[in-house]
**Student:** 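Before I ask anything, let me first share the structure, which is written out below as structure tokens.
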Amino acid sequence: MISSRDTIFYWWMSFLLAFIILGAFVVLLSFVEGQEILEISTHIPWTMLVSVYVFFVVSGSGMCVITSLGHVFGIKRYELISKRGVFFASIAIMSGLLAILLHLGHVERAFVYVYLSPNLKSGILWMGFFYSVYLLFVIIEYLLLARADMAKIANTSTGYKQVFYSLLVFGRKDESERSVHLDHKLAKAAGGSAFVTGLAAVSTLGAVFAHTEARSLWYGAFYPAYFVLSATFSGLSFFLFITILTYWIRGEEIGDKLSRLICELGKLLALMLSMGLLFNSWMIFSSVNNPEKINSIMLLINGPFSFSFYVFEILLGTIIPIIILLTPKVTHRGIFVSSLLVLMGLFVMRYNFVTAGQVLPVLKEGLPSYFPTFFEIVITLGITALFALLYTFGVKFLPLKETNH
Amino acid sequence: MAWEDSNLTRRDFIKLMGAAPASLAVNPKTGERRYAKLMDTFKCIGCRRCMSACKRWNKLPPYEVPETLVRDMDGTTYTVVNFVRSSRNGEIGKFLKWQCQNCIKPACAGVCPVTAITKNPVTGAVVIDETKCIGCRYCYQACPFKVPRFDFHKRITRKCHLCYDRIPKLKPACVAACPVEALDYGYRDLMLRKARVKAQLVRGYVLGEKEAGGTDVITILPAPPEEMGLIVAPQKIVSEDIDRLRISSTGFLAGAVLAGVLYLFSRGSGDKE
Ligand code: SF4
Ligand code: SF4
């Protein structure tokens, strides 16, 4: 018997698959027609795919900060969310890395020459290194955190299901107290390593932009630090958004402990957003008197990007969420709406940051177009669909749920 | 040489000759004399034979002239000749041949993740290894002159490489093709000397002497680059290693501060295992 829930599930999966196939089609098309179809202008070679990459991986590394509060820093109530958080981090990094690999002209060479002739002074090399290692650590951390639950399923099931879960636990189906204790210890080590590499990765990502002296908006010591800060609110808002949404869609009740934690995370989000706002304002005010910076800052505050800057980044993406989150007795609905707003604002922010950074010094007459090309949008939808597919898969088949142990 | 029939005094000339720092004249490691290319906008007649010669030598497809008639480099066009006019005085206008400046300390090579870009410190050529380039386009972002262009079909970044496969025995294809000797290739100190003398005579500007810490393409312009509407590169080495290290370290510092804050938060939250 197929229940109506299952029907919805299959429809949803097919819907996502359709987008993934469309995205894949565009990738193939770019091989036939030339990669030009993915570019607003030859002078802006980093656009949508780079923004999507930044958007996903920064959220993914921010999540390691939040989950580390539980396992690494030992705050017990945060352990509740570690499974979902770590799983989220891993799929966000995967989706982001996919975006950046698609952006490259020759992916296959990348994997060869980073070993054969690495340039140890290149930001991109280190960014790639840290993100790959980080991804490895979060995957290990997740498998350890979920091992006991998966072992239980493996022990009580038969057929394909048993094989599948046995593979995921690498055959360690022992459910004893001692082995669970060992898992926790190992997960703590993996979590600690993920914490360090995740922060290193996100700050190196900021540095990739900030190293380019020839791009006045990106250049300087500000962005590596700001990327670290913005990772926290990116990760938090993304996590709150998908967690609340998952419970709603599945029609499950959000438990007491989780409910309290969500409210706490909401407050934390407001705090981080305010700090981000403060940092950003400080950067803008300190650039006003800097002749090298002012022109590029003007693109944002009084130029082609100013509408999206004020409306999406500042108002919808920062101020309104802070107000909602700080109202006493804010509901889950309120937190959900504000995290959605923050996510939207963040996406626009990444896109603006990447694109506006490349306007000067070449495009003195301004941008040919603010909007990404049609094909770029299709690829972006494809990557987002892949992310959603991986997450749905996780919710359906993997232990993510917040349970107390 | 042009100074022979000029009204330049002998003293002026000696002053000009002596000014080149030794490190830019020879390769500091081997002591070999460095080479450079010279472009004189005062001689160029805008025939664009250099563009064709470049296409021929590098086996590149023909250039499609854009409607705006301002030629721009692209993935298969390494050099362009455009008429540039001074923004201060509209009567000052010259043909300018533009390409990669083959910087002495190329920012592009410094950032390439797979070391696809190398600089030959003697011949001056900055070459992208087309079999190595992964097409990340970081070199374009780092280049102070915004030169490297992406070839959308080969999916790699390409640019002028000073005909590394000809020099120094043969002159670069463009130099060999120029009918009026507006282009030259030879020892850098000589080229620079020539450029300085000419610039002094015509009150021009020597581009490439200080820009980006010095380049191995030297151009005699009728006026400074900002006035001629060119991208202005800073007069120092761009994206130096030490500067990039400084910038990276702020990110790590921020990470460390965050870790500290989280630790204090966990200490204060009274919810320990
Ligand atoms: S002009 Fe640009 S591309 Fe050419 S060597 Fe200098 S930095 Fe590299
Ligand atoms: S585009 Fe090619 S040459 Fe340029 S930095 Fe990337 S890998 Fe190096």
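These numbers were taken from a predicted model, which means no experiment stands behind them.
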**Student:** So what's closer than 4.5 Å to chain A heavy atoms on Asp72(B): side chain, backbone, both or neither?
**Tutor:**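 Just its side chain gets close to chain A.
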**Student:** Is there a side chain to side chain contact (heavy atoms under 4.5 Å, CB included) between Tyr113(A) and Thr115(B) once you walk through the steps?
**Tutor:** CA-CA 8 Å; Tyr113(A) 288 111; Thr115(B) 330; over 6 Å; no
**Student:** Hey, could you give me the OG1/CZ distance between Thr212(A) and Arg244(B), rounded to the nearest 0.5 Å?
**Tutor:** 10.5 Å
**Student:** Please classify the contact between Val72(A) and chain B as side chain, backbone, both or neither, with a heavy-atom cut-off of under 4.5 Å.
**Tutor:** neither
**Student:** Can you tell which part of Ala109(B) gets under 4.5 Å to a heavy atom of chain A, answering side chain, backbone, both or neither?
**Tutor:**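 Only the backbone of Ala109(B) comes within 4.5 Å of chain A.
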**Student:** For the interface with chain B, which of Ala110(A), Ser117(A), Ser203(A) has the highest count of heavy-atom pairs at distances below 4.5 Å?
**Tutor:** Ser117(A)
**Student:** So which of Val65(A), Thr42(A), Leu360(A), Leu38(A) has the largest heavy-atom pair count under 4.5 angstrom toward chain B?
**Tutor:** Val65(A)
**Student:** Please state whether the side chain, the backbone, both or neither of Thr204(A) comes within less than 4.5 Å of a heavy atom of chain B.
**Tutor:** side chain
**Student:** Give a yes or no on this: more than 12 heavy atoms of other residues, nucleotides or ligands lie within 6.0 Å of atom NZ of Lys236(B).
**Tutor:**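 Yes, NZ of Lys236(B) has more than 12 neighbouring heavy atoms, counting only those of other groups under 6.0 Å.
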**Student:** Any chance you could measure Leu262(B), atom CG, to Thr232(A), atom OG1, to the nearest 0.5 Å?
**Tutor:** 9.0 Å
**Student:** Which bit of Val50(A) comes within less than 4.5 Å of chain B, counting heavy atoms only: side chain, backbone, both or neither?
**Tutor:**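 Contact with chain B involves no heavy atom of Val50(A) at all.
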**Student:** Are there more than 12 heavy atoms of other residues, nucleotides or ligands under 6.0 Å from atom CD of Glu226(B)?
**Tutor:**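 Enclosed.
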**Student:** Would you check if the side chain of Ser239(B) reaches a backbone N or O of His211(A) as a donor-acceptor pair within less than 3.5 Å?
**Tutor:** yes
**Student:** For His103(A), is there any backbone N or O sitting under 3.5 Å from a side-chain donor or acceptor partner on Arg137(B)?
**Tutor:** yes
**Student:** Determine whether more than 12 heavy atoms belonging to other residues, nucleotides or ligands lie under 6.0 Å from atom CD of Glu108(A).
**Tutor:** yes
**Student:** Output the option from Asn119(A), Leu120(A), Leu229(A) having the highest count of non-hydrogen pairs under 4.5 Å with chain B.
**Tutor:** Asn119(A)
**Student:** Using heavy-atom distances under 4.5 Å, tell me whether Ile117(B) contacts chain A through its side chain, its backbone, both, or neither.
**Tutor:** neither
**Student:** Mind ranking Gly206(A), Ala221(A), Ala207(A), Pro118(A) by heavy-atom pairs under 4.5 Å with chain B and telling me who comes out on top?
**Tutor:**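 Most heavy-atom pairs under 4.5 Å with chain B: Ala221(A).
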**Student:** Once rounded to the nearest 0.5 Å, what's the spacing between atom OH of Tyr223(A) and atom OG1 of Thr250(B)?
**Tutor:**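 Tyr223(A) OH to Thr250(B) OG1: 12.5 Å, rounded to 0.5 Å.
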**Student:** Relative to chain A, which of Val257(B), Leu253(B), Asp241(B) shows the most heavy atom pairs under 4.5 Å?
**Tutor:** Asp241(B)
**Student:** Using non-hydrogen atoms and a 4.5 Å limit, figure out which bit of Phe195(A) sits close to chain B: side chain, backbone, both or neither.
**Tutor:** side chain
**Student:** May I ask you to check whether over 12 heavy atoms, not counting those of Lys267(A), lie within 6.0 Å of atom NZ?
**Tutor:**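 Yes, the 6.0 Å shell around NZ holds more than 12 heavy atoms from other groups.
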**Student:** Which of parallel (below 30°), tilted (30 to 60°) and perpendicular (above 60°) describes Phe265(B) and Tyr78(A)?
**Tutor:**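 Phe265(B) vs Tyr78(A) ring planes: perpendicular.
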**Student:** Counting heavy-atom pairs closer than 4.5 Å to chain A, which one of Thr157(B), Ile134(B), Asp74(B) comes out on top?
**Tutor:** Ile134(B)
**Student:** Specify the closest pair of heavy atoms between Leu125(A) and Pro113(B), including all atoms of both residues, with the distance to one decimal.
**Tutor:** CD1-O, 3.4 Å
**Student:** If every non-hydrogen atom of Ala142(B) is compared with every non-hydrogen atom of Ala214(A), which pair is closest and at what distance?
**Tutor:** O-CB, 3.6 Å
**Student:** Could you look at Gln358(A) and say if it's the side chain, the backbone, both or neither that has a heavy atom under 4.5 Å from chain B?
**Tutor:** side chain
**Student:** Any side-chain to backbone donor/acceptor pair from His106(A) onto Lys154(B)? Under 3.5 Å, distance only.
**Tutor:**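 Yes, His106(A) side chain to Lys154(B) backbone: donor-acceptor pair under 3.5 Å.
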**Student:** Report which part of Tyr219(A) has an atom under 4.5 Å of a heavy atom belonging to chain B: side chain, backbone, both, or neither.
**Tutor:**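 Just its side chain gets close to chain B.
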**Student:** How are the rings of Tyr263(B) and Phe73(A) set to each other: parallel, tilted or perpendicular (split at 30° and 60°)?
**Tutor:** tilted
**Student:** For Leu104(A), is it the side chain, the backbone, both, or neither that has a heavy atom closer than 4.5 Å to a heavy atom of chain B?
**Tutor:**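 Backbone plus side chain of Leu104(A), per the 4.5 Å heavy-atom cut-off to chain B.
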**Student:** Heavy-atom pairs under 4.5 Å with chain A - which of Gly255(B), Cys112(B), Pro144(B) has more of them than the others?
**Tutor:**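 Ranked by contacts with chain A, first place is Cys112(B).
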**Student:** How close do Pro45(A) and Tyr140(B) get, counting heavy atoms only, and between which atoms?
**Tutor:**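 For Pro45(A) and Tyr140(B), the tightest heavy-atom pair comes out as CG-CD2, 3.4 Å.
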**Student:** Quick check for you: to the nearest 0.5 Å, what is the distance between Cys143(B) atom SG and Arg215(A) atom CZ?
**Tutor:** 9.5 Å
**Student:** Shorter than 4.5 Å, heavy atoms on both sides: which option in Cys133(B), Ala233(B), Ala256(B), Gly75(B) has the most such pairs with chain A?
**Tutor:** Cys133(B)
**Student:** Can you name the nearest heavy-atom pair linking Gly220(A) to Ile247(B), along with the distance?
**Tutor:** O-CG2, 3.5 Å
**Student:** Distance from Tyr138(B) atom OH to Phe209(A) atom CZ, nearest 0.5 Å?
**Tutor:**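 Interatomic distance, Tyr138(B) OH to Phe209(A) CZ, rounded to 0.5 Å: 8.5 Å.
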**Student:** If we define contacts as heavy-atom pairs under 4.5 Å, which of Gln141(B), Arg149(B), Arg246(B), Glu240(B) has the most with chain A?
**Tutor:** Gln141(B)
**Student:** State, to 0.1 Å, how close Glu33(A) and His153(B) come at their nearest heavy-atom pair, and which atoms those are.
**Tutor:** O-CE1, 3.3 Å
**Student:** Which region of Trp126(A), side chain (C-beta onward) or backbone (N, CA, C, O), has a non-hydrogen atom less than 4.5 Å from a non-hydrogen atom of chain B, or is it both or neither?
**Tutor:**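 Neither; nothing under 4.5 Å.
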**Student:** Any idea which heavy atoms bring Glu213(A) and Ile237(B) closest together, and the distance?
**Tutor:**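 Scanning both residues completely, I find the closest heavy atoms to be OE1-O, 4.2 Å.
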**Student:** What is the distance from atom CZ of Phe150(B) to atom CD of Glu39(A), rounded to the nearest 0.5 Å?
**Tutor:**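 If we round to the nearest 0.5 Å, Phe150(B):CZ and Glu39(A):CD are 7.0 Å apart.
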**Student:** Could you check Val111(B) against Ile124(A) for side chain to side chain contact (heavy atoms under 4.5 Å, CB included), going step by step and ending with a plain yes or no?
**Tutor:** CA-CA 8 Å; Val111(B) 300; Ile124(A) 288 193; over 6 Å; no
**Student:** Name the region of Leu264(B), side chain, backbone, both or neither, that has any atom closer than 4.5 Å to a heavy atom of chain A.
**Tutor:** neither
